[in-house]
Amino acid sequence: MPEETEQRYDPAAIEPKWQQRWAADPALYAAEPASCGKPKYYVLEMLPYPSGQLHMGHVRNYSIGDALARHMWMRGYNVMHPMGWDAFGLPAENAALKNHVPPRQWTLANIAGMKRQFGRLGMGFDWATELTTCLPDYYRWNQWFFLRMFEKGLAYRKKSKVNWCPECATVLANEQVVDGCCWRHETTIVEQRDLVQWFLRITAYAQELLDGLDKLEGWPEKVRTMQRNWIGRSQGTEVDFFLEEQGPGSRVQGSGKTRIRVFTTRVDTIFGATSVQLAPQHALVAAFTAADAALKAQVDELIDQQKKAREAGDLGAIEKHGVPTGRFAINPYNGARVPIWVANYILADYGTGAIMSVPGHDERDFEFASKYGLPIVEVIRPVHKIEAAQPLPFLSEEGVLVNSGDYNGLTCTEAQMKLQEAATRGAFGEPKITFRLKDWGVSRQRYWGTPIPMVYCESHCQGDGPLPVPGEQLPVLLPEQIEITQQGGSPLARVPEFVNTTCPKCGGPARRETDTMDTFVDSSWYFYRYTDAKNGNAPFDSATAQYWFPIDQYIGGVEHAILHLIYSRFWTRVMRDLGLIVNDEPARRLFTQGMVIKDGHKMSKSKGNVVSPDDMVARYGADAARTYSLFAAPPDRDLDWQEDGVAGVSRFLARVWRLTTRYAPLARAGRGQQAEAPAGLSLKLLRKLHQTIAKITLDFEGRWHFNTCIAAIMELVNEIQAADAQLAAGDVPPPVVLELLRSLVLLLAPFAPHLVAELWEELGEESSVLRAPWPASDPELAKENELEVPVQINGKLVTVVRVAADADAMTLEAAALDDEKVQSRIAEKTVVRVIVVPRKLVNLVVK
RNA sequence: GCGGAAGUGGUGAAAUGGCAAACACACUAGCCUUAGGAGCUAGCGCCCAAAAAGCUUGCGGGUUCAAGUCCCGCCUUCCGCACCA
């Protein structure tokens, strides 16, 4: 019944008004101290990199988290919902290079802009604990942690092959190399270089990080699997082959002084080894080639092939080449003499860099042996085909040994154990577990990062290696005035005031470490800092962290499934072993939201399909943009951004606004009035309401299908709309109208906070909607008294019958058999069986 | 090759083993109007002129009274890992 005076829903007026009010009330989104007595709930979305612009992926991520936080506030929890900035990193330097703006200035300006955007979206963050990783009061604790790790031997230096991106002019972690290219420059091939680097000993926690995954039931299976693969545990045996002495008469088992240690997961096949294969970079190969120029040339070629394949990222596709060294190795189990080859598909940095080649029972070895005419020996047969030879290679571990001396007839598993025992006894091998996970290289030859707090004495203590900066000298400040150039190497090395210092031990001249830390360091522990963000004496207070941790719900993109999340799990364990915290894992539950897609592609500048959150807010309002981002798909799936859909949600919100403002006076009149037992239309509306409350409450408890939650609210609103005329005529008593509208607003509160605040006030409420209890569903009111129950004949739908909701099986069966359509279909047939599921269905099996 | 996820109308999607397509978009028709990116009503999977009937959840089998859902085999797409010994 549109009145002539009726106005229109105007988010552009409503939203800024409430944003101002919220900004003026710092307690609104603030966490309370542990003493508040409420159960705690820590909901965290991954902190953004301050690129300058929020994108739709952010809107989605933070809409999910904000909805959850608001819901938990209304459920009476003490909610922590913080926000910060992952503010170190390369883009700031690139911007400096391009626009001649200092990285700090560029970064802080971006933060200010994005913070404004967050405000315009109405996100409920507690800005009092905001942290910015590029500021000294944060990064000093990176340095502090680094020193603790150095003390414990968890931070160390080693020369190593590193990935070098010519575009970034810096070293990349293995994790930052994607298909042989830089993760930021997807077409730039990464080169290999030798540099002395700082490493964090994450491998010391490899087994624990792996075992911990089994207990992380609140994490997506996909993420757990990806981490398992990344850690890459492999259980096997190391065995020493003996290098045959040069010269005649020296083929004596065990006589060798030189041992070639190989790693194998299939020691049971060792009697089938017909060669030993070394990585081209294996130390022994260098010894062989030293005196053999021809061999050296061949090996260099193999090295080159491997390097090229590695750079191209398709090591898996390398064509197998090998060269014989002319040397022989002795199998310690049977004294067999096998040739030693060098092959381009053997990697120096996995296992021992050497393998035994068993062409009978390994596909790669088979391919290699076939190509070079090496013997292929069968040593395993399937149990049930013990008599007959198999086509080789036979790969299964379900078999028994043949041609294996004393071990013949054993199953593979038995043989593995016995062979391991023999190796240990004979001191030529042992059981061994290998991991694919490598130590974390944290050195970066960049400016915009945390300075590594180490110095190198150039006088008396020169021989002592790197020396830690004393704790009281922290932070080692990043110099502000610096020219960013594209030259390689560390920019800090060109700042004498930074580099030149005094030795903490002898007071003589010394040089500072000029590398900075990987930005993944910043994000490995930031969520602890939120609990005590202003602490100047420690990274955080342990008791406070113990109250808040683990994080109850962590939310972010699946692109962080490996790097950020495995480093965070590592850092948490280090902090635990330092006695700072008691939890093993940072987050109890992890949620990975899907990507935002448009026109079939991820939004990106290069595809030209970017939708700006600012535009959406300007056109439809923040509530519509946020609600759409939750309505268009379940949050874990990819979301297809369709602007018509945003417009649709906006119309829905307008409808809510119209209905609520239209009947708010009526509702307010119902305040304090005694409600009669509802009947007729009132009962119908209240029933729908309580069904909706039940559905949404349940979804917030784990399933998180906010799309169907919002759809359920739409159904409720449609039903109220359908009663418009009766409402206008006063057919529904004011207390019922009050309950309907009040609950409707509460249900919508996690999704459309501005509209809800406006309507909440319209309904005469004075405190924040966040302090109002979440509505409870009354099961009596939610109950239907009549149901339509489908009737099937032989599993095919024939009709529906209308019965009382509590009709028992007999009543339901009778009603079904009584139906005309059913009657005509079962005439002249025999009902063999009747399946009755009360409330659900009747199925007649007839012949 | 290994591992994970997905495949349903014109579109986004919904469905504790129990009426497939809720909710929304788009579209069609009607109404209304202070003409707005408005509002209200109705229709809208396929087949058919229409109704009735029939058909329909990537393909092929199976379990079950009953399968989009469970099991087996395949196809396709996306994601992660990969000569890892």
Side-chain angles (χ1 to χ4, degrees), chain A residues 1-2 4 6 8-9 220-230 232-234 236 262-266 277 279 306 309 313-320 343-347 349-358 362-365 367-368 434-436 558-559 561-562 594-595 597 619-620 628 631-634 636-652 654-655 658 698 703 705 707-715 717-718 721-722 724 788-800 832-837 839-846:
Chain A
M1 283 308 116
E4 291 210 344
E6 194 162 271
R8 291 172 58 205
Y9 167 57
E221 189 53 46
K222 173 181 177 151
V223 172
R224 295 199 279 170
T225 305
M226 282 164 72
Q227 292 210 358
R228 268 186 208 107
N229 290 341
W230 191 258
R233 185 183 195 269
S234 183
V262 304
F263 174 71
T264 176
T265 55
R266 291 295 305 274
Q277 303 282 343
Q306 196 175 84
D314 56 352
L315 209 54
I318 195 171
E319 194 185 335
K320 290 182 187 55
N344 64 357
Y345 69 96
I346 308 299
L347 309 172
D349 59 358
Y350 182 79
T352 60
I355 64 154
M356 61 174 196
S357 181
V358 185
D362 181 282
E363 217 154 0
R364 288 157 302 164
D365 294 347
E367 187 192 329
F368 191 88
T434 305
F435 293 94
R436 205 187 72 95
V558 74
E559 67 272 19
I562 297 177
M595 287 190 301
I597 302 287
R619 287 186 204 194
Y620 303 102
Y628 174 74
F631 174 66
D636 55 337
R637 271 217 247 165
D638 284 353
L639 178 151
D640 190 276
W641 193 273
Q642 297 185 357
E643 194 168 328
D644 285 336
V646 190
V649 168
S650 167
R651 286 198 291 270
F652 160 68
R655 182 179 256 198
R658 274 197 312 276
L698 185 67
R703 205 177 75 132
H705 280 199
N707 55 330
T708 59
C709 290
I710 294 164
I713 299 174
M714 287 173 171
E715 287 188 50
V717 169
N718 290 347
Q721 171 68 47
D724 191 27
E788 282 190 346
V789 175
V791 180
Q792 299 179 332
I793 291 179
N794 292 336
K796 298 204 119 192
L797 181 71
V798 172
T799 185
V800 294
V832 197
R833 196 176 157 191
V834 183
I835 289 100
V836 182
V837 184
R839 301 178 63 85
K840 291 291 180 190
L841 121 160
V842 178
N843 188 13
L844 306 171
V845 185
V846 303

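Note that these values count all heavy atoms, side chains included, but never hydrogens, waters or copies made by symmetry. Proteins get letters first, then strands, A, B, ... in listed order; numbering begins at 1 in each.
Within 4.0 Å (heavy atoms only), Gly232(A) reaches no atom of the nucleic acid at all. The residue Arg655(A) sits close only to the backbone: its heavy atoms come under 4.0 Å of sugar-phosphate atoms, none of a base. Leu844(A) comes within 4.0 angstrom of no nucleic acid atom, judged by non-hydrogen atoms across all strands. Contacts of Glu319(A) with the nucleic acid, taken as non-hydrogen atoms under 4.0 Å apart, include base atoms.
Pairing for G37(B) is absent, judged as Watson-Crick or G-U wobble with the two contacts each under 3.5 Å. Pairing of G80(B), defined by two Watson-Crick or G-U wobble distances under 3.5 Å, is identified with C2(B). Look at A15(B): it lacks any Watson-Crick or wobble partner with both distances under 3.5 angstrom. When both pairing distances are held under 3.5 Å, A51(B) makes no Watson-Crick or G-U pair with any nucleotide shown. Of the nucleotides present, none pairs with A67(B) by Watson-Crick or G-U wobble criteria with both distances under 3.5 Å. The partner of A42(B) is U28(B), by the rule that a Watson-Crick or G-U pair needs both atom distances under 3.5 Å. Across all strands shown, A20(B) has no partner, as no Watson-Crick or G-U wobble contact with both distances under 3.5 Å is found.
Rounded to whole Å, atom P of G39(B) lies 13 Å from atom CZ of Phe652(A). To the nearest angstrom, C1' of C23(B) lies 12 Å from CD1 of Ile713(A). For the pair Trp641(A) CH2 and C25(B) P, the computed distance is 15 Å after rounding to whole Å. In this structure, Met595(A) places its CE atom 13 Å from C1' of U77(B), rounding to the nearest Å. Here the C1' atom of nucleotide G36(B) and the OH atom of Tyr620(A) are 13 Å apart, to the nearest Å.
Nearest to the side-chain atoms of Asn843(A) among the listed nucleotides G36(B), A66(B), C25(B) stands A66(B). Looking at the side chain of Leu841(A), the nearest of the listed nucleotides C23(B), G18(B), A26(B) is G18(B). For Arg651(A), whose side chain is taken as the heavy atoms from C-beta onward, the closest listed nucleotide among A85(B), G18(B), A38(B) is A38(B). Distances from the side chain of Trp230(A) to the nucleotides C81(B), C65(B), A85(B) place C81(B) closest. For Glu788(A), taking side-chain heavy atoms from C-beta onward, the closest of the listed nucleotides C84(B), C19(B), A22(B) is C19(B). Closest to the side chain of Leu347(A), out of A26(B), G18(B), A85(B), is A85(B). Taking the side chain of Thr265(A) as heavy atoms from C-beta on, and the options A85(B), G18(B), A26(B), the nearest nucleotide is A85(B). Closest to the side chain of Lys840(A), out of G18(B), C84(B), C81(B), is G18(B).
Residue Arg364(A) places at least one side-chain N or O under 4.0 Å from the OP1 or OP2 atom of C84(B). At A85(B), one or more side-chain N or O atoms of Ser234(A) fall inside 4.0 Å of OP1 or OP2 (strictly under the cut-off). Put simply, Asn718(A) has no side-chain N or O that comes within less than 4.0 Å of OP1 or OP2 on A22(B). The phosphate of C40(B) (OP1 or OP2) has a side-chain N or O of Gln721(A) nearer than 4.0 angstrom. Between Arg8(A) and G37(B), a side-chain N or O to OP1/OP2 separation shorter than 4.0 Å is absent. Using a 4.0 Å cut-off, some side-chain N or O of Arg436(A) falls inside it from OP1 or OP2 of A82(B). Between A53(B) and Lys796(A), no contact under 4.0 Å exists linking OP1 or OP2 to a side-chain N or O. An OP1 or OP2 oxygen of C40(B) is reached within less than 4.0 angstrom by a side-chain nitrogen or oxygen of Arg658(A).
Judged purely by atom type and a 3.5 angstrom limit, Asp640(A) has no side-chain atom pairing as donor or acceptor with the backbone of Ile597(A). Put simply, the side chain of Gln306(A) gets close to the backbone of Ile346(A): a donor and an acceptor are under 3.5 Å apart. Side-chain atoms of Asp362(A) do not come within 3.5 Å of backbone N or O of Ser357(A) as any donor-acceptor pair.
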Q.
Each nucleotide in nucleotides 2-14 of chain B should get exactly one letter: B, S or -. Can you fill that in based on protein heavy atoms under 4.0 Å?
A. -SS------SBSS

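Nucleotides A51(B) and A24(B) are separated by 24 Å at their P atoms, to the nearest Å. The same atom, P, is picked in U11(B) and in G58(B); the two are 14 Å apart, to the nearest Å. The gap from the C1' atom of C44(B) to that of C23(B) amounts to 15 Å, rounded to the nearest Å. For the P atoms, the distance from A38(B) to U28(B) is 14 Å, rounded to whole Å.
Under the 30°/60° scheme for interplanar angles, the aromatic rings of Tyr345(A) and Phe368(A) are found to be tilted.
Evaluated for a side chain to side chain contact (heavy atoms under 4.5 Å, CB included) with Phe631(A), the options Leu639(A), Ile710(A), Thr708(A) yield exactly one hit, Ile710(A).
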Q) Can you list the steps and then say if Glu221(A) with Arg224(A) is a salt bridge (charged side-chain N to carboxylate O under 4.0 Å, His left out)? A) CA-CA 5 Å; Glu221(A) 189 53 46; Arg224(A) 295 199 279 170; 3.0 Å; yes

